[in-house]
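Worksheet: one structure, shown below.
Just so we're on the same page: letters track the sequence lines, and every chain starts at 1. All of these numbers come straight from a predicted model, not from anything done at the bench.
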Amino acid sequence: MSLKIYNTLTGGKEVFAPINPPKVGMYVCGVTVYDLCHIGHARSTIVFDIIYRYLKFSGYDVTYVRNFTDVDDKIINRANELGIKSSEVAARYIDEFNTDMGALGLASPDVEPRATGHIPEMLEIIESLIEKGKAYELNGSVYFSVRSFPEYGALSKRNIDDLRSGARVDVDDTKKDPLDFALWKASKPGEPEWESPWGMGRPGWHIECSAMGRKYLGVTFDIHGGGKDLVFPHHENEIAQSHASSGSAPVKVWVHNGFVNINSEKMSKSLGNFSTIKDILKQYHPEAVRYFLLTSHYRSPIDFSPQAITDAHKNLARFYDLLSTGMELGVTDGSNADPSMVEKFRELMDDDFNTATALSLLLTELKKMNHLRDDMAKMKKKSDDYKNSKEKLLAGIASIKTLGGVLGLFGLEPGEFIEEFKSEKLKEIGMSADQLDATIKARAEARKEKDFKLADTIRAGLDDKGIKLSDTPEGVKWSVSFD
RNA sequence: GGCGCCGUAGCCAAGUGGUAAGGCAGAGGUCUGCAAAACCUCCAUUCAGCGGUUCGAAUCCGCUCGGCGCCUCCA
């Protein structure tokens with residue numbers, strides 16, 4: 001079986017055939033750095049993080065480029081509000097982006113170019129477009145002539161004549177056609193600006209991706225990604241510019257991720273219903289956020305809710321519990337992963353990165369391994385049965401760890417995941433580890449004295465605070481409950 | 001107005017022509033002083049509704065109802 005990817009351009013799943021295998025070039029639209037990132041940005045970044053990881057897992061030599069848009073109207077507005085330079089705004093939010101995405105465990109792209117570092121490359125494309133009669137200069141700005149590009153609308157399935165230009169698009173008298181868009185904008189006083197053949201100015205939004213994609217990945221590359229909302233106009237315009245300038249299509253496969261919704265509505269600033277990554281990470285473990293985002297297909301909308309992330313966390317905790325057993329038994333890496341599991345995982349992921357079913361495969365394996373673990377507890381350690389079971393268990397755990405790793409999961413030491421969450425809980429309820437210890441000891445004393453009433457009262461008291469006690473053969477353990 | 005997506009159990013969610021994965025919640029059981037965790041069993045004759053195509057449809061087609069997105073900056 002081979003990897004199939006849904007291509008927005010053709011509207012269907014296609015067998016993935018890189019231009020120069022095993023090399024793969026992938027460009028993903030990053031963020032405009034004028035504010036904190038919300039969970040929607042996290043989704044997009046995580047989706048492409050997983051595509052990146054999976055392509056590499058599949059043996060491709062991937063060059064992953066993700067840009068920062070660091071010159072833009074919104075950044076300028078923010079800079080004016082704060083009374084600082086727009087470059088400072090950009091620097092600040094690039095830092096914040098890196099902090100947030102780092103917390104979410106994202107693999108770094110191979111190149112993270114910034115728009116402002118590629119002005120000459122943009123100017124080169126713009127000049128070539130003017131030469132070819134695809135763009136024109138007016139009052140120091142340069143516009144792309146949409147009607148000069150017959151394929152315009154192919155990506156977003158739009159007919160030029162259906163675009164109600166003027167109704168919702170600002171009619172700009174300086175443009176020859178309302179559909180035309182800016183490649184270069186003459187700068188106003190106080191705005192960031194660069195020299196150009198048409199005077200001082202700054203780039204339009206779309207041209208940066210055309211320039212940086214071409215610079216790092218070539219005139220035509222394999223995959224271009226971004227959020228669904230970028231299909232039109234951003235990616236449509238990008239195709240027009242790049243294609244018109246080079247004479248060939250810039251991208252083979254266009255991949256777009258769906259939105260994160262709140263109560264079935266798109267999360268957005270204008271609706272005021274967004275949650276920043278920082279806020280979410282105050283309440284939930286970053287890996288639970290990643291797990292949650294993987295439970296539905298990347299192209300579908302996903303509804304953000306506390307319940308959904310809690311569910312994700314519960315499942316993660318189950319995995320880490322098994323993984324800690326694996327540690328005790330000596331699993332260190334995935335070298336002895338079960339080949340048939342890996343094969344199944346591949347089949348699922350090869351079908352347009354179906355992470356939801358891939359997770360269910362891991363959950364099914366989890367259940368099998370827990371079953372085995374329970375059985376082993378009843379066996380004699382020197383018996384052949386025990387040895388055989390242990391071998392299977394180790395292979396199962398190794399498979400889960402390896403395949404989970406492709407999804408960016410289970411990277412922590414099991415103890416770390418569990419302890420991290422527990423110490424957060426103690427902080428939340430204002431109890432020290434020593435206090436909890438003493439309480440647990442008091443209950444143990446009561447149990448020893450067969451004073452079960454007192455023991456149960458103590459346990460219930462902790463339970464009210466969200467702390468669950470378990471009496472296990474290895475002693476009393478505690479964990480965090482959600483309900 | 002144009003283009004497009006979605007509607008699967010109490011909740012979340014796969015499956016897109018061969019007879020409904022998985023998770024959460026719930027019920028019963030094993031274990032336990034009792035619990036918890038883990039495990040076992042059960043939990044959609046049915047996929048918004050109505051027609052049609054087919055030997056066969058949640059899956060294809062048409063219509064209806066409901067929800068959402070893009071067409072303006074947006075992951």
Base, sugar-phosphate alone, or nothing: which one does A:Gly30 contact when heavy atoms must sit under 4.0 Å apart?
-> sugar-phosphate
Base paired to B:C73 (Watson-Crick or G-U; both N/O distances under 3.5 angstrom) = none
For nucleotides B:C55 and B:U72, find the distance between their P atoms and express it as a whole number of Å.
-> 48 Å
Classify the side chain of A:Asp456 versus the base of B:G33 as yes if they form a donor-acceptor pair under 3.5 Å and no if they do not.
-> yes
Should we say atom NZ of A:Lys465 is surrounded by more than 12 heavy atoms from elsewhere, each under 6.0 Å from it?
-> no
So which nucleotide does B:G10 pair with, by the Watson-Crick or G-U wobble rule with both distances under 3.5 Å?
-> B:C24
Counting any heavy atom closer than 4.0 Å, what does A:Asn370 reach on the DNA or RNA strands: base, sugar-phosphate only, or nothing?
-> sugar-phosphate
Give the nucleotide from the list B:A75, B:A14, B:A36 with an atom nearest to the side chain of A:Lys468.
-> B:A36
Partner of A:Asp351 by salt bridge (charged side-chain N to carboxylate O under 4.0 Å, His left out), out of A:Lys344, A:Lys4, A:Lys13 | A:Lys13
Could you state the CG-P distance from A:Asp73 to B:U72, rounded to the nearest angstrom?
-> 15 Å
Mark yes or no for a side-chain to base donor-acceptor pair under 3.5 Å between A:Arg459 and B:A35, with no hydrogen or angle criteria applied.
-> yes
Just checking A:Asn315: base, sugar-phosphate only, or nothing, at a heavy-atom cut-off of under 4.0 Å?
-> sugar-phosphate
Taking OH from A:Tyr34 and P from B:C73, how many angstroms apart are they, rounded to a whole number?
-> 12 Å
From the options B:A75, B:C24, B:G23, select the nucleotide whose nearest atom is closest to the side chain of A:Gln307.
-> B:C24
A:Ile51 CD1 to B:A75 C1', in whole Å, measures 13 Å
Looking only at side-chain N and O atoms, does A:Asn159 come under 4.0 Å of OP1 or OP2 in B:G2?
-> no
Tell me what A:Gly40 touches on the nucleic acid: a base, only sugar-phosphate, or nothing, going by heavy atoms under 4.0 Å.
-> base
Quantified in whole Å, what is the C1' atom distance between nucleotide B:G33 and nucleotide B:G22?
-> 36 Å
Before giving the answer on salt bridge (charged side-chain N to carboxylate O under 4.0 Å, His left out), spell out for A:Arg53 and A:Asp49 the whole-Å C-alpha distance, their side-chain angles and the decisive distance to 0.1 Å.
-> CA-CA 6 Å; A:Arg53 286 170 194 258; A:Asp49 180 62; 2.8 Å; yes
Checking A:Lys74, A:Arg78, A:Lys278 against A:Asp35 for salt bridge (charged side-chain N to carboxylate O under 4.0 Å, His left out), the one that qualifies is A:Arg78
Between the base of B:C5 and the side chain of A:Arg299, is there a donor-acceptor distance below 3.5 Å?
-> no
For A:Leu363, report the nucleic acid contact type (base, sugar-phosphate, nothing); a contact means any heavy atom under 4.0 Å.
-> sugar-phosphate
Per A:Ser470 side chain, nearest of listed nucleotides B:C40, B:C73, B:A36 | B:A36
Determine the Euclidean distance between corresponding P atoms of B:A13 and B:C6; express it in Å to zero decimal places.
-> 14 Å
In whole Å, what separates the P atom of B:U53 from that of B:U59?
-> 15 Å
Nearest of B:A25, B:A14, B:C39 to any side-chain atom of A:Lys314?
-> B:A25
With rounding to whole Å, what would you report as the distance between B:U16 and B:C11 at their P atoms?
-> 24 Å
B:A14 phosphate, OP1 or OP2: any side-chain N/O from A:Asn354 under 4.0 angstrom?
-> no
Taking atom P of B:U16 as reference, at what distance in whole Å does atom NE2 of A:His297 sit?
-> 11 Å
Check the distance between B:A75's C1' and A:Asp229's CG and give it to me in whole angstrom.
-> 5 Å
Residue whose nearest RNA chain B nucleotide is more 5′ - A:Thr357 or A:Asp471 = A:Thr357
Does A:Arg158 make a side-chain N or O approach to OP1 or OP2 of B:G4 shorter than 4.0 Å?
-> no
Pairing partner of B:U32, by Watson-Crick or G-U wobble and under 3.5 Å for both distances, is none
A:Ile223 and its side chain to side chain contact (heavy atoms under 4.5 Å, CB included) partner, picked from A:Val62, A:Val251, A:Leu217, A:Leu55 = A:Leu55
Tell me: CG of A:Leu348 to P of B:A21, nearest whole Å?
-> 15 Å
Rounding to the closest angstrom, what is the interatomic distance between B:U30 and B:U8 at atom P?
-> 37 Å
Examine the base of B:C11 for any acceptor or donor lying under 3.5 Å from a partner atom in the side chain of A:Asp311, and report the outcome as yes or no.
-> no
Spacing of A:Lys367 atom NZ relative to B:A21 atom C1', expressed in whole Å | 12 Å
Answer yes or no: does a side-chain N or O of A:Arg318 lie under 4.0 Å from OP1 or OP2 of B:A37?
-> no
A:Arg299, CZ atom: more than 12 neighbouring heavy atoms under 6.0 Å | yes
Using Watson-Crick geometry (N1-N3 plus N6-O4 or O6-N4) or G-U wobble (N1-O2, O6-N3), each under 3.5 Å, B:A48 is paired with B:U64
Could you give the CG-to-P distance, from A:Asp303 to B:C6, as a whole number of Å?
-> 16 Å
Any idea how A:Tyr291 and A:Phe319 line up, ring-wise: parallel (<30°), tilted (30 to 60°), or perpendicular (>60°)?
-> tilted
By nearest nucleotide on RNA chain B, pick out whichever of A:Tyr6 and A:Arg43 is the more 5' one.
-> A:Tyr6
Expressed in whole Å, how much space separates the C1' atoms belonging to B:C3 and B:C12?
-> 30 Å
Base partner of B:G56, which must satisfy Watson-Crick or wobble distances under 3.5 Å | none
When you compare B:C61 with B:A75, how far apart are their P atoms, in angstrom units rounded to a whole number?
-> 33 Å
Could you verify whether a donor N or O on one side chain and an acceptor N or O on the other, from A:Glu287 and A:His313, lie under 3.5 Å apart?
-> no
Distance flag, aromatic centroids of A:His235 and A:His206, threshold under 6.0 Å = no
Under 4.0 Å between any heavy atoms, over every strand shown, what does A:Thr295 touch: base, sugar-phosphate, or nothing? Just pick one.
-> sugar-phosphate
Have a look at A:Phe304 and tell me which of A:Asn261, A:Asn273, A:Ile280 forms a side chain to side chain contact (heavy atoms under 4.5 Å, CB included) with it.
-> A:Ile280
Would you classify A:Val260 as touching base, sugar-phosphate or nothing, given that sugar-phosphate means primed atoms plus P, OP1 and OP2, and contacts are heavy atoms under 4.0 Å?
-> base
Base, sugar-phosphate, or nothing for A:Lys266, non-hydrogen atoms under 4.0 angstrom?
-> base
Taking the side chain of A:Pro233 as heavy atoms from C-beta outward, which of B:C73, B:A14, B:G69 is closest to it?
-> B:C73
Base, sugar-phosphate, or nothing for A:Arg443, non-hydrogen atoms under 4.0 angstrom?
-> base
Between B:C31 and A:Lys378, is there an OP1 or OP2 to side-chain N/O distance shorter than 4.0 Å?
-> no
With a non-hydrogen cut-off below 4.0 angstrom, is A:Phe232 in contact with a base, only sugar-phosphate, or nothing?
-> sugar-phosphate
